[in-house]
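Please read the structure below before turning to the comments.
Both ligands and their constituent atoms are indexed starting at 1 by order of listing. All values below come from the heavy atoms of this structure, side chains included, with hydrogens, waters and symmetry mates left out. Please read these numbers as outputs of a predicted model, since none were measured by experiment.
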Amino acid sequence: MNETDVVIIGAGHNGLTCAAYLAMAGLRVAVVERRKVVGGAAVTEEFHPGFRNSVAAYTVSLLNPKIIGDLKLADHGLAIVERRAQNFLPAPDGRYLLTGEGRTQESLARLSPRDAATFEVFSAELEAIADVLRQFVLRAPPNLVEGFGAGAIREAFNALGTANILRSLSLEQQRSLLDLFTRSAGEMLDERFEHDLVKALFGFDAIVGNYASPYAAGSAYVMLHHAFGEVNGKKGVWGHAIGGMGAITTAMARAARGHGVEIETGNGVREVIVERNGAAGVVLDNGATIRAKYVVSGVNPKLLYTRLIAADALPADFLARMKNWRNASGTFRMNVALSALPSFSALPGAGDHLSAGIILAPSLAYMDRAWQDARDHGWSRAPVVEVLIPSTLDDTLAPKGQHVASLFCQHVAPQLPDGASWDVHREEVADLMIATVDAYAPGFAQSVLGRQALTPLDLERDFGLLGGDIFHGALSLNQLFSARPMLGHADYRGPLKGLYHCGSGAHPGGGVTGAPGHNAAGVILRDHRALFG
Ligand SMILES: Cc1cc2nc3c(=O)[nH]c(=O)nc-3n(C[C@H](O)[C@H](O)[C@H](O)COP(=O)(O)OP(=O)(O)OC[C@H]3O[C@@H](n4cnc5c(N)ncnc54)[C@H](O)[C@@H]3O)c2cc1C
């Protein structure tokens with residue numbers, strides 16, 4: 001294909017979502033992907049003979065139910081199941097916290113009766129704010145525009161709509177909203193709870209993909225960001241896509257193709273063609289060109305603007321700001337093939353806790369030290385590890401009787417402090433992560449049959465996630481909402497005519513939500529109808 005209505009750069013889940021919506025509305029759409037497979041960070045691959053797992057993203061909650069319905073993802077093979085328990089946090093002293101329907105209160109009461117009572121109050125507070133966020137997820141945030149044209153009028157209405165949504169909150173809830181957008185999770189949790197494990201349960205969400213201390217201002221928002229999801233109608237719950245995260249993007253690709261979208265893999269975009277201040281198509285790695293009315297980017301905005309578009313084609317002030325777009329996740333991701341299930345000292349043997357997100361980080365102080373250590377040393381010598389064993393819920397991933405686990409490890413430095421390459425330290429750090437799990441579940445290391453380890457450098461090189469940033473840009477206040485990816489461009493439109501953003505670098509940000517793809521499609525269709533009726 002060398003001419004189409006829309007060309008989308010990147011077949012991540014957002015690119016696929018956007019493609020499907022545009023094709024459903026009758027546009028001709030091509031998606032071009034640099035990797036050999038579709039899905040971006042939401043893929044399932046065989047990482048050890050006979051063992052498959054979600055390679056990067058590994059657990060589902062944020063995927064928007066409207067998108068699941070509109071794209072008929074269930075008809076295309078997607079099935080999402082709940083974890084049998086939500087989270088399990090063992091402590092070195094043998095105590096533990098186990099959360100999930102019907103178990104949280106009992107577990108909390110054993111640790112701290114005071115926290116058991118506060119937990120309900122805080123969860124309700126978070127839930128009320130998350131409910132408001134849910135209303136913002138599928139709409140473009142108010143965009144700042146200069147002048148008094150049609151765009152200004154449209155945005156004035158958008159701002160009014162936003163204000164109306166916020167008015168549904170009581171004054172006290174609006175205060176909480178401000179706290180959650182600006183404060184540190186650590187401070188807020190210390191004010192409310194007394195037990196370290198309870199604080200760690202919430203605090204973990206504040207540092208996932210966020211290279212910062214839980215005491216860093218703004219970390220409370222990252223905690224909130226992980227709370228607006230749901231699984232099969234149950235709010236705030238996390239689950240598993242049968243077949244791994246690749247099942248989501250396989251279903252999306254099927255939906256898109258079913259509506260006529262052409263998807264080309266193994267052939268990335270080398271350059272966006274710019275003519276008369278507008279995006280006019282793309283040049284692929286193999287030299288082929290695709291001309292299009294609309295060029296839609298699903299890649300990290302800094303990657304788009306500093307690598308795929310000639311600098312002199314962009315407004316200088318825009319480019320200067322984009323060069324400072326902050327990409328910073330301190331994550332190290334492992335997949336391990338296991339001969340047997342781990343047995344945790346705090347709760348030995350099999351049980352529902354093994355289907356939970358198992359958080360090895362017993363306190364906020366531990367998380368804070370992990371970040372400090374990573375800054376000084378390059379990686380934390382006592383890292384934060386979440387273990388998830390999806391084969392406890394899904395027998396398609398490992399041979400019978402054997403298992404796969406995802407290890408999502410924080411904190412490692414995106415760039416090592418002495419300038420050393422992550423290629424040199426990958427195996428050493430992978431050994432440390434295995435040893436960290438083994439300290440809580442003796443025998444774990446011996447059960448590892450094979451492993452895959454992805455450093456921040458691997459995430460950048462293999463997936464195009466600059467700085468290893470899992471969200472396509474830090475979720476800090478200056479990069480959120482009307483400022484994502486930049487004030488004046490929160491409406492999914494880039495600084496060139498015909499250029500749009502549909503990836504996680506646009507509102508509402510990272511996570512397997514499908515929301516930026518959905519919202520961008522709406523804006524493109526509106527612009528298309530304005531031009532062509
Ligand atoms: C290790 C890790 C763990 C995570 N865990 C979770 C989780 O458990 N749950 C959750 O909800 N979220 C999780 N996330 C976040 C989530 O996966 C991402 O925010 C989301 O998948 C990004 O989707 P996207 O479509 O916006 O972009 P991507 O998935 O990054 O897709 C962009 C696509 O563009 C392609 N591309 C790059 N350059 C080019 C080019 N020049 N030409 C053509 N194509 C190009 C890339 O190969 C990629 O396929 C995780 C992310 C990572 C990395």
Legend entry - Atoms in ligand 1 with a heavy atom of L465 nearer than 4.0 Å: 30 (O), 53 (C)
Legend entry - Aromatic plane relationship, W238 with H226 - under 30° parallel, 30 to 60° tilted, over 60° perpendicular: tilted
Give me the residue, atom name and distance of the protein heavy atom closest to [atom].
{"atom": "atom 51 (C) of ligand 1", "value": "I470 CB, 3.4 Å"}
{"atom": "atom 49 (O) of ligand 1", "value": "E33 OE1, 2.6 Å"}
{"atom": "atom 25 (O) of ligand 1", "value": "N14 N, 2.9 Å"}
{"atom": "atom 14 (N) of ligand 1", "value": "A57 CB, 3.8 Å"}
{"atom": "atom 31 (O) of ligand 1", "value": "G12 CA, 3.2 Å"}
{"atom": "atom 39 (C) of ligand 1", "value": "V299 CG1, 3.8 Å"}
{"atom": "atom 41 (N) of ligand 1", "value": "V269 O, 3.0 Å"}

Inset, instruction - Give yes or no for whether the N/O distance cutoff of 3.5 Å, strictly under, is met between S504 and ligand 1. - result: yes
Legend entry - F408 and ligand 1 - part of the residue with a heavy-atom distance under 4.0 Å: side chain
So, [X] versus [Y]: side-chain donor-acceptor pair below 3.5 Å or not?
{"X": "Y21", "Y": "D70", "result": "yes"}
{"X": "R83", "Y": "T59", "result": "yes"}
{"X": "H403", "Y": "S391", "result": "yes"}

Inset, instruction - Nearest heavy atom to atom 9 (N) of ligand 1 wins, so pick from T59, I8, T513, V512. - result: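 Minimum heavy-atom distance to atom 9 (N) of ligand 1 goes to T59.
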Legend entry - The one among H225, H13, E264, H472 that brings a heavy atom closest to atom 28 (P) of ligand 1: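 Looking at heavy atoms only, H472 sits closest to atom 28 (P) of ligand 1.
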Inset, instruction - Report the residue from D458, D431, T455 that forms a side chain to side chain donor-acceptor pair (under 3.5 Å) with R426. - result: D458
Legend entry - Ring-face cation contact, F47 with R451, 6.0 Å cut, 45° max: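 No, cation not above the ring by the 6.0 Å, 45° rule.
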Inset, instruction - Go through L416 and W422 one step at a time and tell me if the side chain to side chain contact (heavy atoms under 4.5 Å, CB included) criterion holds. - result: CA-CA 7 Å; L416 293 171; W422 265 113; 3.6 Å; yes
Inset, instruction - Measure centre to centre between the rings of F344 and F444, then say whether the value is under 6.0 Å. - result: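 No, the ring of F344 stays outside the 6.0 Å limit from the ring of F444, centre to centre.
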